[in-house]
Every structure is written in structure tokens, then in C-alpha cells.
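Letters go in sequence order (proteins before strands), and every chain restarts at 1. What you see below is based on every heavy atom in this structure, not just the backbone, and it leaves out hydrogens, waters and symmetry mates.
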Amino acid sequence: MKTITPSQFDLEQIADSGQCFRWNRISDYKYRIVAFGKILNIEQDLETGSVTMDCSDSDFDNIWKDYFDLGTDYGKIIERIPEDDEYLKRAASICDGIRIIKQDPWETLITFIISQRKNIPAIKASVEKICKAAGKVIGEIDGEKLYAFPTPKELAALSESDLSACSLGYRAAYIYKAAHAVADGAVDLDKWKELSDDKLFDSLCSLYGVGKKVANCTMLFGFNRLDSFPIDVWMNKIRDRYYPNDFPIEAYRPYGGIMQQYMFAYERSINS
DNA sequence: AGGCAGGCGCTCC
DNA sequence: GGAGCGCCTGCC
């Protein structure tokens, strides 16, 4: 067990922000997360804000501390919001419990390829199916097996029809090609970590089935490129309504992606 | 029952 | 280089 009291940390806001598709809500402010081949039960006390994780000290130090981006001071980032950006200031004041979760690049790439033209429950269902079809069993809860996200080789072992059985639709071909490119070594995601933002963006977009939205999400959530600014239908709506001269993304540097998350989460919250 | 959901590739111009 | 269109699937 490990208990911490981080600032700017709200489990529910993070869970609803659409970054991670393997967080399962157990009850209010209580989740089971599968990531990096591990299962983490996590709970937040609303009174004190303290967060309790059922993990060893070493797993906390080696995995979860980084995963939850606990070394970043989001309060300081919020202070950088341009004074006249009323919409963003409001969004950040409401959604200031969001953090950018540092996920595995491979898993992020695949899950965001799956995400295109799907809603969140459908994305989660497909992700669980590919984990079950190709991933290792890492635990069992109430007779239900839990699976790790498959490695590139494990995923590449599936045929296109195996993938189609995971409700991927036309994305099955995208996943198939991506899995083979990474498993064969034609694409080396570890090497991609060294690339500049521009080069990484171009490399991601060169993958079949990856366009700028998916590339930006993969960069933001899988490569911790905090300036990546994904634009989806919600962001288009926000721009149309509140930013007639477009988003001042230069003013958001180098944290455009965090600003995007506040706006995205806020707009969704007021429309639900 | 028909449109649409956190897009992308392809095919035109 | 950009607008238009088809696409798997599940869900309301």
C-alpha cells in the first residue's frame, strides 16, 4: 500500500478525460487500472484528496510515480495561461485535477488507432478483446481473468480475421500493419522517443491508418510530448464558439496539450 | 431507423 | 492542398 496526497489530481477527471482505456471504475473514486503488465487498485479520498494504491514501494517508484506524472507541477502550468484567455482559465479552474498520464507508446498508438470514429465504451470493448485474444494473463479477479496489453509480437501473431473479431471494423487492417511494422523492427518506437516533435509527428503519420489526430494523441499520451494539440470534433466546436481567431497555440507553448485537455474535458462536462 | 461517434485513405479537382 | 466520400461497428 502506498498513500500520497498530490496536488492537481482528481481520479474521476483523469478517468473521464479519454486518455486511457483500461481504467475500470469500481465505485466512486475507486478504479482498477491495467498498465505496464500490472494491475493497480487505486482510490481517492475526496475529503483529504489522498490517493491510495495497492502496490509495493518499488512498483510505485519504478512505474506509477512516473505514470501519473507526479514530478510535474500542474499548478505552475495553469499559472501560465494567458490572462485574457477567459475560456481556458475557466476550463482549467474546473478541470484542474486532470494530469497527462504517461502511457506506454506502443499501447497508446494502437488504442488511439482503434479510437477513430468510435465512442469510449466501444473503444474499451475493442481494446479488451485484443488483450484477451493476444495478451498474457496477469491476474484473476472474481473468476475473471485479466490480460496485459499484447506486445507487438503477440499482436502480430493474430491474423486479420482474428483482429476483425475484436470489433475493429476497417481499423483491423491498420492494426495489422502497425503490429507487423513494429514486430518486424521496421518501426522502432524506442528510437522514436529520441526524435524531435516534428519528426515524431511525421513518423507517426507515415503509418497506415494514422492521421494527425491519432498522431497527436499518441505523442501527447504515449510520448509525453506536452505541446501536442489534438483537434477532434469537440475542439472544432470549441474553436468555432470561443476562438474566432483560432487557438493561440503559440501562447500555450510548451504545454499546448495540457491546455487542450482542460478545454476538451470542460466542454464535454458542460455538454453532458 | 437513421445518424453519428475523439478519422483516415483515396480520389478527384 | 483541399473538399467530398466511403467505411466497420455499436449505440442511442
Side-chain angles (χ1 to χ4, degrees), chain A residues 12-23 25 87-88 91 95 98-101 103 105 107-133 155 158-181 187 198 200-223 225-243 246-247 249 256-272:
Chain A
E12 202 112 1
Q13 286 186 3
I14 298 168
D16 292 341
S17 66
Q19 306 177 43
C20 3
F21 304 110
R22 303 201 75 199
W23 285 38
R25 191 171 181 280
Y87 178 80
L88 178 53
C95 299
I98 290 182
R99 311 178 75 85
I100 305 296
I101 301 303
Q103 303 185 71
E107 176 173 340
T108 310
L109 172 64
I110 298 300
T111 54
F112 278 91
I113 291 175
I114 293 172
S115 78
Q116 57 187 266
R117 285 194 68 85
K118 272 179 179 283
N119 52 32
I120 288 174
I123 299 165
K124 286 177 145 182
S126 279
V127 172
E128 288 313 310
K129 285 179 190 172
I130 67 168
C131 292
K132 189 169 183 178
L155 195 57
L158 298 185
S159 66
E160 269 197 79
S161 67
D162 292 335
L163 289 169
S164 291
C166 300
S167 308
L168 297 172
Y170 61 86
R171 305 162 197 81
Y174 303 163
I175 304 290
Y176 184 85
K177 287 192 187 221
H180 280 266
V187 166
D198 285 349
L200 178 57
F201 179 79
D202 290 343
S203 301
L204 286 164
C205 288
S206 76
L207 298 173
Y208 185 64
V210 177
K212 54 186 180 182
K213 161 64 171 60
V214 172
N216 272 311
C217 285
T218 305
M219 287 177 68
L220 182 56
F221 306 125
F223 288 85
R225 302 302 174 99
L226 299 179
D227 213 23
S228 302
F229 199 83
I231 298 198
D232 62 359
V233 293
W234 287 93
M235 291 303 289
N236 278 330
K237 204 162 71 178
I238 293 168
R239 178 176 48 206
D240 292 349
R241 200 173 294 170
Y242 307 104
Y243 294 90
D246 210 341
F247 298 110
I249 49 175
I258 296 177
M259 306 308 178
Q260 185 270 2
Q261 282 293 286
Y262 294 142
M263 293 192 252
F264 175 78
Y266 176 62
E267 193 64 21
R268 283 173 63 102
S269 73
I270 60 179
N271 282 283
S272 62

Legend entry - Base paired to B:dG6 (Watson-Crick or G-U; both N/O distances under 3.5 angstrom): none
Legend entry - Partner nucleotide of C:dC8 by Watson-Crick or wobble geometry (both distances under 3.5 Å): none
Could you state the atom-to-atom distance from [atom1] of [X] to [atom2] of [N] in whole Å?
X: A:Arg171; N: B:dG9; atom1: CZ; atom2: P; value: 13 Å
X: A:Lys177; N: B:dG9; atom1: NZ; atom2: P; value: 10 Å
X: A:Lys124; N: C:dG10; atom1: NZ; atom2: C1'; value: 16 Å
X: A:Ile175; N: C:dC8; atom1: CD1; atom2: C1'; value: 13 Å
X: A:Lys118; N: C:dC7; atom1: NZ; atom2: C1'; value: 13 Å
X: A:Asn119; N: B:dG6; atom1: CG; atom2: P; value: 6 Å
X: A:Asn236; N: C:dA3; atom1: CG; atom2: P; value: 12 Å
X: A:Ile113; N: C:dC7; atom1: CD1; atom2: P; value: 21 Å

Legend entry - Sidechain-backbone polar pair: A:Ser228 side chain, A:Met219 backbone, donor-acceptor under 3.5 Å: no
Legend entry - Side-chain (A:Glu267) to main-chain (A:Ala91) donor-acceptor, under 3.5 angstrom: no
Classify [X] by what it touches in the nucleic acid, base, sugar-phosphate, or nothing, heavy-atom distance under 4.0 Å.
X: A:Leu207; result: sugar-phosphate
X: A:Gly18; result: base
X: A:Ile120; result: base
X: A:Ser17; result: base

Taking only the [atom1] atom of each, what is the distance from [N] to [M] in whole angstrom?
N: B:dT11; M: C:dC8; atom1: P; value: 15 Å
N: C:dA3; M: B:dG6; atom1: P; value: 23 Å
N: C:dG6; M: B:dG3; atom1: C1'; value: 15 Å

Inset, instruction - Please check if atom NZ in A:Lys132 has more than 12 non-hydrogen atoms from other residues, nucleotides or ligands closer than 6.0 Å. - result: no
Inset, instruction - Find which nucleotide of DNA chain B each of A:Tyr208 and A:Cys217 is nearest to by heavy atoms, and output the residue with the more 5' nucleotide. - result: A:Cys217
Inset, instruction - Give me the ring orientation class for A:Tyr242 and A:Tyr87: parallel if the planes are under 30° apart, tilted from 30 to 60°, perpendicular past 60°. - result: parallel
Inset, instruction - Please work out whether the ring planes of A:His180 and A:Tyr176 are parallel, tilted or perpendicular, with thresholds of 30° and 60°. - result: tilted
Inset, instruction - Report yes or no: is the cationic atom of A:Lys124 (NZ for Lys, CZ for Arg) closer than 6.0 Å to the six-membered ring centre of A:Phe21, at no more than 45° off its axis? - result: no
[N] base to [X] side chain: any donor-acceptor pair below 3.5 Å?
X: A:Arg117; N: B:dG6; result: no
X: A:Tyr170; N: B:dG7; result: yes
X: A:Lys213; N: B:dG7; result: no

Legend entry - Distance test, side-chain N/O of A:Ser167 to OP1/OP2 of C:dG10, below 4.0 Å: yes
